[in-house]
Amino acid sequence: MAKNHEVNGANVSRRGFLKKAGGAAAGVGLAASGLMFSGKPAQAAEVPKKWDKEYDVVVIGSGFAGLAAAIDAKTAGASVIVLEKMPVPGGNSIINGGLMAAAGTPLQKKEGIKDSPELMMKDTLKAGLYMNHPELARIFVDDSAAAVEWTIKLGAKYKDRVTHLGGHTVPRSYYTTNSSGAGIVRPMLKKVKEMGIPLQKKTLLENLIIDGDKGVVGVKVREKYAFPKKDSGKVVYIKAKKGVVMASGGFANDVAFRTIQDPKLDKSVDCTNHPGATAESLLEAFRCGATPVQVSWIQLGPWGCPDEKGMGIGYIFAISGAFPFGVMVDPKDGKRFVNELANRKIRADAILKTGHYAIGVADQNGVKYTAKLDKMLERGIVKKFNTLDELAAYYKIDKKGLEKTVKDYNSYVKNGNDKEFGKPLRKSAKPIATAPFYGMRLWPKAHHTMGGLQINPKAQVLDLTGEPIKGLYAAGEITGGVHGAVRLGSNATTDCIVFGRIAGQNAAKG
């Protein structure tokens with residue numbers, strides 16, 4: 001774990017960080033949302049006369065962050081249990097794209113790519129519109145390379161080249177060999193099982209239990225919970241002798257709550273998340289006095305395909321084919337309208353501004369690194385054509401406009417400089433000229449909730465005064481501040497692993 005992190009070359013003390021980040025957040029949010037009464041947070045569930053189970057550390061959630069917390073807490077000597085509300089473990093982590101960002105890695109050096117935590121920090125802050133809490137962002141970028149190595153030691157397997165995702169100055173994203181987060185989660189689940197850590201599924205967190213000055217001392221849960229039936233299952237009390245780690249993920253699939261935060265994201269907007277990506281754990285922490293951070297910032301994935309539900313697999317064509325090695329065009333005029341490797345917000349906003357689907361285009365060379373292409377073709381998500389004219393006719397793209405767009409783009413590739421939008425072009429990029437040609441419709445989907453609980457560098461959840469809530473830790477998408485307004489693709493996996501481990505290690509200390 002990195003130590004003595006610096007921001008812009010200067011040490012940022014915990015006290016200074018809390019004054020700047022925590023103090024401002026403490027004055028807003030809960031009072032306006034009705035979660036506070038008379039200036040005081042509502043009380044948590046009462047301490048039971050008898051606990052049904054006891055562990056040192058209770059982890060809520062079984063994705064990247066929760067499993068990392070459980071493994072490191074157990075390694076530190078604590079007894080641990082992982083609680084998962086859904087019938088299967090992994091949450092969004094197991095269905096995500098399987099990409100993990102890291103700076104200054106052996107794989108980058110092998111490809112001759114110059115990178116550093118400083119450059120990754122610069123990219124992260126720029127994308128986040130400088131709304132990131134810098135001390136948290138500093139930790140996650142400094143520890144990024146070590147986090148990847150940690151997953152490799154657990155058994156995660158990655159492709160032999162790094163991927164270039166939007167908003168990153170250079171290619172820095174490790175990509176699992178199965179093009180899925182399952183390539184990381186499954187080795188973590190295996191390790192959890194080997195360590196004898198119980199992972200209890202179908203278990204809903206109903207309440208955090210606070211015992212005066214002792215802080216959070218346990219949880220009230222519903223075992224054999226049947227999502228989404230709120231009152232299903234049996235009430236059980238589990239004591240956490242040292243701490244509770246909140247790692248239950250985001251709320252992008254909670255239409256009611258996300259619409260409160262952003263009215264545009266109503267039920268008409270599809271979501272990439274699993275069905276259980278809802279807000280009840282986040283709201284329970286707020287109810288107990290946790291400080292909210294940037295909860296209304298909700299990210300849309302610009303690589304969403306409207307021809308499939310949820311996350312799907314079409315995003316693989318977009319992120320590994322059309323965006324880095326092809327073009328995205330407006331069918332009305334056949335022209336590009338944004339840098340295909342800009343950050344997610346810029347691209348999603350640009351697509352939404354047109355008011356209709358965009359089309360991602362790549363040729364045979366462009367899909368060289370696209371996994372599961374056969375499945376996409378079989379499902380009709382991606383279409384294959386012998387000529388660009390056929391592609392234009394099928395998607396009703398202005399033919400002359402597309403011809404000029406491809407001609408101009410090919411000249412940029414040959415000269416290594418995108419004069420139109422400044423898209424970074426890889427040395428391996430080739431002109432769009434080799435048949436067959438591939439196309440896919442693109443429309444943004446709700447993907448990641450940027451905000452959540454405020455934490456400090458020890459992954460302790462902070463209350464409305466900027467002080468840690470004793471016994472309560474958090475990591476991953478349920479937290480806020482690390483990514484600011486916009487999260488760069490593949491940064492989330494790194495964030496979850498880094499702060500999951502920090503949360504587990506500190507919770508084990510009690």
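Hydrogens, waters and symmetry mates play no part in the numbers below; they use all other heavy atoms, side chains included. Worth saying up front: this structure is predicted, and the values here are computed from it rather than measured.
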*Please walk me through it: do Ser173 and Ser490 pass side-chain hydrogen bond (donor to acceptor under 3.5 Å, both in side chains)?*
CA-CA 6 Å; Ser173 301; Ser490 69; 2.7 Å; yes

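- For Arg441, the salt bridge (charged side-chain N to carboxylate O under 4.0 Å, His left out) partners at least two apart in sequence or on another chain are Asp307.
- Here the shortest heavy-atom pairing between Cys288 and Ile469 reads O-CD1, 4.1 Å.
- Of the possible donor and acceptor atoms, none in the side chain of Asn365 sits under 3.5 Å from a partner among the backbone N and O of Lys430.
- Under the 6.0 Å distance and 45° angle rule, Arg161 counts as a cation-pi partner of Tyr369.
- Counting only distance, with no hydrogens or angles, the side chain of Asn132 and the backbone of Gly481 share no donor-acceptor pair below 3.5 Å.
- Of the candidates Leu119, Leu99, Leu165, Thr105, Arg172 forms a side-chain contact (heavy atoms from CB on, under 4.5 Å) with just one, namely Leu119.
- Here the closest heavy-atom approach between residue Asn273 and residue Asn253 is recorded as O-ND2, 3.1 Å.
- For the residue pair Met311 and Gly97, the shortest heavy atom distance occurs at CE-N, 4.0 Å.
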*Passes salt bridge (charged side-chain N to carboxylate O under 4.0 Å, His left out), Asp270 versus Lys445? Steps please.*
CA-CA 5 Å; Asp270 196 7; Lys445 297 181 180 182; 3.4 Å; yes

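- Figure legend: cation-pi geometry between Arg347 and Phe323, with NZ or CZ positioned under 6.0 Å from the six-membered ring centre and within 45° of its axis.
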_Is there a ring pair (Phe, Tyr, Trp, His ring centres under 6.0 Å) between His483 and Phe140? Walk through the geometry before answering._
CA-CA 10 Å; His483 306 287; Phe140 124 82; 5.5 Å; yes

*Would Asp123 and Leu488 count as a side chain to side chain contact (heavy atoms under 4.5 Å, CB included) if you check the C-alpha gap in whole Å, the side-chain angles of each, and the deciding distance to 0.1 Å?*
CA-CA 8 Å; Asp123 292 345; Leu488 291 179; 3.9 Å; yes

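- Asn178 and Ser180 share no side-chain donor-acceptor pair at under 3.5 Å.
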*Steps toward side-chain hydrogen bond (donor to acceptor under 3.5 Å, both in side chains) verdict (Thr449, Gln299)*: CA-CA 6 Å; Thr449 49; Gln299 182 180 86; over 6 Å; no

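- Looking at Arg258, its side chain does come within 3.5 Å of a backbone N or O of Ala252 through a donor-acceptor pair.
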*Given the rule in the side chain to side chain contact (heavy atoms under 4.5 Å, CB included) test, do Ile502 and Ile139 qualify, once you have shown the distances and angles that lead to the verdict?*
CA-CA 10 Å; Ile502 290 172; Ile139 292 171; 3.8 Å; yes

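- Here the side chain of Asn456 pairs a donor or acceptor atom with the backbone of Gln460 at under 3.5 angstrom.
- For His447, the ring pair (Phe, Tyr, Trp, His ring centres under 6.0 Å) partners two or more places apart in sequence, or in a different chain, are Trp303.
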_Chi angles and distances behind the side chain to side chain contact (heavy atoms under 4.5 Å, CB included) call for Thr163, Tyr174_ = CA-CA 6 Å; Thr163 298; Tyr174 276 61; over 6 Å; no

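- Looking at Thr124, its side chain does come within 3.5 Å of a backbone N or O of Met120 through a donor-acceptor pair.
- Considering every non-hydrogen atom in both Thr370 and Ser320, the closest pair reads OG1-OG, 3.0 Å.
- The salt bridge (charged side-chain N to carboxylate O under 4.0 Å, His left out) search around Lys191 returns none, not counting sequence neighbours.
- Asn417 approaches Leu425 most closely through the heavy-atom pair N-CD1, 3.8 Å.
- Contact detail for Ala474 and Val461: the closest heavy-atom pair is CB-CG2, 3.6 Å.
- Thr278 has its side chain out of reach of Phe257: every pair of non-hydrogen atoms, C-beta onward, lies at least 4.5 Å apart.
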*Could you check Ile432 against Phe325 for side chain to side chain contact (heavy atoms under 4.5 Å, CB included), going step by step and ending with a plain yes or no?*
CA-CA 8 Å; Ile432 303 171; Phe325 300 113; over 6 Å; no

*What do the steps show when you test Asp330 against Lys353 for salt bridge (charged side-chain N to carboxylate O under 4.0 Å, His left out), and what is the final call?*
CA-CA 11 Å; Asp330 183 333; Lys353 188 176 180 180; over 6 Å; no

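- Remark: Lys345 NZ is loosely packed, at most 12 non-hydrogen atoms of other residues, nucleotides or ligands lying under 6.0 Å away.
- Residue Phe64 forms a side-chain contact (heavy atoms from CB on, under 4.5 Å) with just one option from Val185, Asp495, Thr494, and that option is Val185.
- Thr169 places none of its side-chain heavy atoms less than 4.5 Å from the side chain of Lys122.
- A donor-acceptor contact under 3.5 angstrom links the side chains of Gln364 and Tyr438, judged on distance only.
- For the residue pair Lys159 and Ser179, a side-chain donor N or O sits within less than 3.5 Å of a side-chain acceptor on the partner.
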*Would Thr151 and Tyr158 satisfy side-chain hydrogen bond (donor to acceptor under 3.5 Å, both in side chains), going step by step from the backbone distance to the final call?*
CA-CA 10 Å; Thr151 67; Tyr158 298 95; 2.8 Å; yes

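- Between atom NE2 of residue His168 and atom NZ of residue Lys126 there is a gap of 13.0 Å, rounded to the nearest 0.5 Å.
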